[in-house]
Amino acid sequence: MNDAQKDNLRQAALQYHEFPKPGKLEIRATKPLANGRDLSRAYSPGVAEACLEIKADPAEASRYTARGNLVAVVSNGTAVLGLGNIGALASKPVMEGKAVLFKKFADIDCFDIEVDETDPEKLADIVCALGPTFGAINLEDIKAPDCFIVEKLCRERMNIPVFHDDQHGTAIVVGAAAYNALHVAGKKFADIKIASTGGGAAGIACLNMLVKLGVKRENIFLCDIHGLVYKGRTEDMNPQKEAFAQDTDMRTLDEAIVGADLFLGLSGPNVLKPEMVARMAERPIIFALANPTPEIMPDEARKVAPNAIIATGRSDFPNQVNNVLCFPFIFRGALDVGATQINDAMQLACVEGIAALARATTSAEAAAAYQGEQLTFGPEYLIPKPFDPRLSGIVSTAVAKAAMETGVATRPVDDLEAYKEKLDASVYKSALLMRPVFEAAANVSRRIVFAEGEDERVMRAAQAILEETSELPILIGRPSVIEQRCERLGLDIRPGRDINIVNPEDDPRYRDYWGSYHEIMKRRGVTPDLARAVMRTNSTAIGAVMVHRGEADSLICGTFGEYRWHLNYVTQVLGDATHHPQGALSMMILEDGPLFIADTHVRTFPDPEYLTEVAVGAARHVRRFGIEPKIAFCSQSQFGNQGEDSGKRLRATLRILDSQPRDFCYEGEMNVDAALDPDLRARLLPDNRMEGAANVLIFSNADAASGVRNILKMKGGGLEVGPILMGMGNRAHIVTPSITARGLLNMAAIAGTPVDHYG
């Protein structure tokens, strides 16, 4: 990297911290404070009631305050990253960053506290005095050996988890990486020899973790800046180093490295030389974790040991040992069960959870966040990526379980599976709302055909379908391409073994398919030659014919291309007197709950009869999610105040709906703000028939509906489930090109629901 590039990176980092407002954190209220009533509850006199409850039972603090989800990141700035002793104030950007990671990855609120105190006992006094404020303490960037003293005193005196991440977080992630590296190398903890550099907090903690995992202490050779730690050495020793002192004549890393299976470096740049690597055991494991420059660069190590398994602390090489894989989730599990400490069992559970996740199939979300990287378990993928959304559910649940089993949980959870589902729901925004749909789909084994079977998102969705549902995915595409891509993506599924394939280029059913298509379309200008061409090139038409012939139960298409193009073939093949499109319904999952939008795609300017069908279909589908529909017809016109086309059509729609008894609530025509604000609506029309905010918005034209859908998605942070094609008997759904693999899984669950549940 040249000087200009370095300067650009520096300026970009500084601008990131300065704009749009200084720093990386702000405090947001979780309760409304809009009027005098709210004020009297938030502060005097109402706040006194919560105070008295806590005085009577201190455990109630987790019920009435944020304490149970609040962590302090505490540092005195004496050992900050690779910057050294820069002082408490200069460490603040790092501690703010740590707080951001807590919130992002585990939804834990966090205050960063920088303390200008270098005496470890006084620092421990300060931290202990903060106990009433926090549910847990994360010690950070405190130099060794002071960090050992501070942690020990705080753990002894505080009845909440105290965790020094530089020690134990690093040790947990190193333990997980070592576990999987040994698995790849075919070695065992009990048999390996370790040569380690770095006698600081992280280095000592990692060695202690490896001992807990089965490494024999006599097989560990620790070196620091003065050389090998040996029995009788007096220079720069402390009890933590003394625990790894060897009774040997060796004095250098160059001697200790001979025959070592694992090199563990938490020291400084270029400590491990290529000639040392050459003297290590066969298939050496090298964890060169110094930042920003490791003890040896991976390419240098591979020159002498091509089959070496290598991890670093850097993000630009495979196997980054990153503490963010650990600390958010170990705290999440500890806080949720009210743990009084983070003990060895909880740490080992964290190790096992992280290691196991790396060996599982990579999630689509992680793959999207790390495009272009090979995320298949093996020498270059030993530990999962921080953006793998499964970390929270797997690791936090394992930690909570260990806390309960070892008796340190004061608020044990009754149902660990339900707890994991709750954690998953906090990561996958659609999980909770989709649960009744998945439960309904679990009772049958419907065959779902995907038109764009060679798309990565489709293949990942197919993997998830097999793991999470009883449905049977069918992919349209070339088997060789699908197999090659599955292998490259690290997916377990293979054509012909796990999933059925329809090959447009060469399928024994080709004649049957074009014959069926021609029979349907022969009176609509399709000749046999054209039917043959369509069945070779048009995967949407092929999928629709499969459903028509009873070889699949539902079609999902639309990951590329224009919606109405797909709709044309779906309607041609599957439309009949009973089944015809009744609009596209999208569920937008927002911060305050779901909001359904229709018709987003099918009919540009719907007439009143069509809008009536949209409303009836939307009410039926919304109930599939366990939600009682409240439908608002939205227009620029408000309760008859305008005579334009939009208002006229919606008023005519209400007259049709009113002509028969309906089992759902509807009202209109109105502006969107009136639909969502019941107080405003009451002022405009005091006797309106709707209570509360609408949860379904039906617009008088597709442009408006689609525009609102996209604004909510792009600017409102909404997550879309859909579009759901109503009126086709659940035989086809057309998605949009922006859909994710998780979105396709959700659509497969919707498509997998028995037809008697759907319309």
Enquirer: How far does CG of L475 sit from CG of D498, to the nearest 0.5 angstrom?
Expert: 11.0 Å
Enquirer: More than 12 foreign heavy atoms under 6.0 Å from NZ of K713: is that the case here?
Expert: yes
Enquirer: Side chains of L744 and I556: does their closest heavy-atom pair fall under 4.5 Å?
Expert: yes
Enquirer: Compile the donor-acceptor pairs under 3.5 Å between side chains in residues 531-538 and protein atoms, sequence neighbours left out, one pair per line.
Expert:
unit_1, atom_1, unit_2, atom_2, d
R532, NH1, D529, OD1, 2.6
R536, NH1, P504, O, 2.9
R536, NH1, E505, O, 3.2
T537, OG1, A533, O, 2.8
N538, OD1, T540, N, 3.1
N538, OD1, A541, N, 2.9

Enquirer: Counting neighbours of CD on E691 that are heavy atoms of other residues, nucleotides or ligands and sit closer than 6.0 Å, is the number greater than 12?
Expert: no
Enquirer: Could you check R497 against D492 for salt bridge (Lys or Arg N to Asp or Glu O under 4.0 Å), going step by step and ending with a plain yes or no?
Expert: CA-CA 10 Å; R497 185 191 71 191; D492 293 334; over 6 Å; no
Enquirer: Going by ring pair (Phe, Tyr, Trp, His ring centres under 6.0 Å), name the pairs with one or both residues in residues 437-458, residues two or more places apart or in two chains.
Expert: none
Enquirer: Kindly compute the distance separating CZ (F625) from CD1 (I589), expressed to the nearest 0.5 Å.
Expert: 8.0 Å
Enquirer: Are a donor atom and an acceptor atom from the side chains of E467 and Q463 found within less than 3.5 Å of each other?
Expert: yes
Enquirer: Run the side-chain contact (heavy atoms from CB on, under 4.5 Å) test on K104 and F387 for me, step by step, so that the C-alpha distance in whole Å, both residues' side-chain angles and the decisive distance to 0.1 Å come before the verdict.
Expert: CA-CA 10 Å; K104 169 64 180 177; F387 282 95; 3.8 Å; yes
Enquirer: What are the two closest heavy atoms between P629 and F664, and how far apart are they?
Expert: CG-CB, 3.9 Å
Enquirer: Is the backbone of T740 close enough, under 3.5 Å, to the side chain of R457 for a donor and an acceptor to pair up by distance?
Expert: no
Enquirer: Just how far is it from atom CD1 of I501 to atom CZ of R494, taken to the nearest 0.5 Å?
Expert: 11.5 Å
Enquirer: Is the side chain of S706 donor-acceptor paired with the backbone N or O of A702 at a distance under 3.5 Å, no angle test?
Expert: no
Enquirer: Side chains of S396 and K420: donor-acceptor distance under 3.5 Å anywhere?
Expert: no
Enquirer: I'd like to know whether I597 forms a side-chain contact (heavy atoms from CB on, under 4.5 Å) with M588, so could you lay out the CA-CA distance, the side-chain angles of the two residues, the decisive distance to 0.1 Å, and finally the verdict.
Expert: CA-CA 7 Å; I597 311 293; M588 308 304 299; 4.0 Å; yes
Enquirer: Atom CD1 of I656 and atom CD of E613: how far apart are they, to the nearest 0.5 Å?
Expert: 10.0 Å
Enquirer: Please report the shortest heavy-atom distance between A615 and I631, naming the atom on each side.
Expert: O-CD1, 3.5 Å
Enquirer: Please tabulate, one pair per line, all N/O donor-acceptor pairs under 3.5 Å involving side-chain atoms of residues 673-681, not counting sequence neighbours.
Expert:
unit_1, atom_1, unit_2, atom_2, d
D677, OD1, D679, N, 3.0
D677, OD1, L680, N, 3.3
R681, NE, N688, OD1, 3.1
R681, NH1, A674, O, 2.8
R681, NH1, A675, O, 3.1
R681, NH2, M690, O, 3.4
R681, NH2, G692, O, 2.4

Enquirer: Tell me whether the count of non-hydrogen atoms from other residues, nucleotides or ligands lying under 6.0 Å of CZ in R662 goes above 12.
Expert: yes
Enquirer: Report yes or no: does N730 contribute a side-chain atom to a donor-acceptor pair with the main-chain N or O of A751 at less than 3.5 Å?
Expert: yes
Enquirer: Step through the shown structure and confirm whether more than 12 heavy atoms of other residues, nucleotides or ligands are within 6.0 Å of NZ on K103.
Expert: yes
Enquirer: State, to 0.1 Å, how close P594 and I627 come at their nearest heavy-atom pair, and which atoms those are.
Expert: CG-CD1, 3.5 Å
Enquirer: Taking it one step at a time, do F699 and F633 satisfy ring-ring contact (aromatic ring centres under 6.0 Å, His included)?
Expert: CA-CA 6 Å; F699 291 85; F633 289 92; over 10 Å; no
Enquirer: Run the salt bridge (charged side-chain N to carboxylate O under 4.0 Å, His left out) test against E519 and tell me which residues pass, sequence neighbours left out.
Expert: K522
Enquirer: Give the minimum heavy-atom separation between N671 and S635, together with the two atoms involved.
Expert: ND2-O, 2.9 Å
Enquirer: State whether the side chain of R485 and the backbone N or O of E454 hold a donor-acceptor pair below 3.5 Å, judged by distance alone.
Expert: yes
Enquirer: Tell me, yes or no, whether the heavy-atom count around R523 atom CZ, taken from other residues, nucleotides or ligands under 6.0 Å, exceeds 12.
Expert: no
Enquirer: Which heavy atom in A598 sits nearest to a heavy atom in L585, and how many Å separate them?
Expert: CB-CD1, 3.8 Å
Enquirer: Verify the neighbour count for atom CG of D687: are there more than 12 heavy atoms of other residues, nucleotides or ligands below 6.0 Å?
Expert: yes
Enquirer: Tell me whether E487 at atom CD has more than 12 heavy atoms from other residues, nucleotides or ligands lying less than 6.0 Å away.
Expert: no
Enquirer: State plainly whether the residues E471 and R446 are in salt-bridge range, i.e. N to O under 4.0 Å.
Expert: no
Enquirer: Enter the distance from I394:CD1 to T397:OG1 here, rounded to the nearest 0.5 Å.
Expert: 8.5 Å
Enquirer: Could you tell me if the side chain of S586 sits less than 4.5 Å from the side chain of P723, heavy atoms only?
Expert: yes
Enquirer: Do T559 and P737 come close enough that some side-chain heavy atom pair is under 4.5 Å?
Expert: no
Enquirer: What I'd like to find out is whether the side chain of R649 reaches to under 4.5 Å of the side chain of F605, using heavy atoms alone.
Expert: yes
Enquirer: Taking everything shown except Q484 itself, do over 12 heavy atoms lie less than 6.0 Å from its CD?
Expert: no
Enquirer: Keeping the roles fixed (side chain from N695, backbone from E628), state whether a donor-acceptor pair exists under 3.5 Å.
Expert: yes
Enquirer: Evaluate the side-chain proximity of C557 to E452: yes if any heavy-atom separation is below 4.5 Å, no if none is.
Expert: yes
Enquirer: I474 versus I499: any side-chain heavy-atom pair under 4.5 Å?
Expert: no
Enquirer: Does a donor on one side chain sit under 3.5 Å from an acceptor on the other, for Q582 and Y610?
Expert: no
Enquirer: What pair of heavy atoms forms the shortest contact from L466 to P473, and how long is it?
Expert: CD2-CD, 3.7 Å
Enquirer: Please enumerate all residues that pass ring pair (Phe, Tyr, Trp, His ring centres under 6.0 Å) together with Y563, with sequence neighbours excluded.
Expert: H601
Enquirer: Kindly write out the residues that satisfy side-chain contact (heavy atoms from CB on, under 4.5 Å) with V413, not counting sequence neighbours, or none if the list is empty.
Expert: V337, M404, L416, Y419
Enquirer: Between D576 and R731, is the salt bridge (Lys or Arg N to Asp or Glu O under 4.0 Å) condition met? List the steps.
Expert: CA-CA 12 Å; D576 54 34; R731 298 195 295 170; 3.5 Å; yes
Enquirer: Measure the CZ-CG distance between R460 and D455 for me, rounded to the nearest 0.5 Å.
Expert: 11.0 Å
Enquirer: Taking NZ, NE, NH1 and NH2 as the nitrogens, is one of them in E609 or R603 under 4.0 Å from a carboxylate oxygen of the other?
Expert: no
Enquirer: Is any side-chain heavy atom of T612 closer than 4.5 Å to one of V614?
Expert: no
Enquirer: When you check the side-chain N and O atoms of R549 and S516, is any donor under 3.5 Å from an acceptor?
Expert: yes
Enquirer: Kindly indicate whether the side chain of N568, heavy atoms from C-beta on, has any atom under 4.5 Å from the side chain of E562.
Expert: no
Enquirer: Report the residue from V573, D553, V449 that forms a side chain to side chain contact (heavy atoms under 4.5 Å, CB included) with M546.
Expert: V449
Enquirer: Are D663 and R620 close enough for a salt bridge, meaning some N to O gap below 4.0 Å?
Expert: no
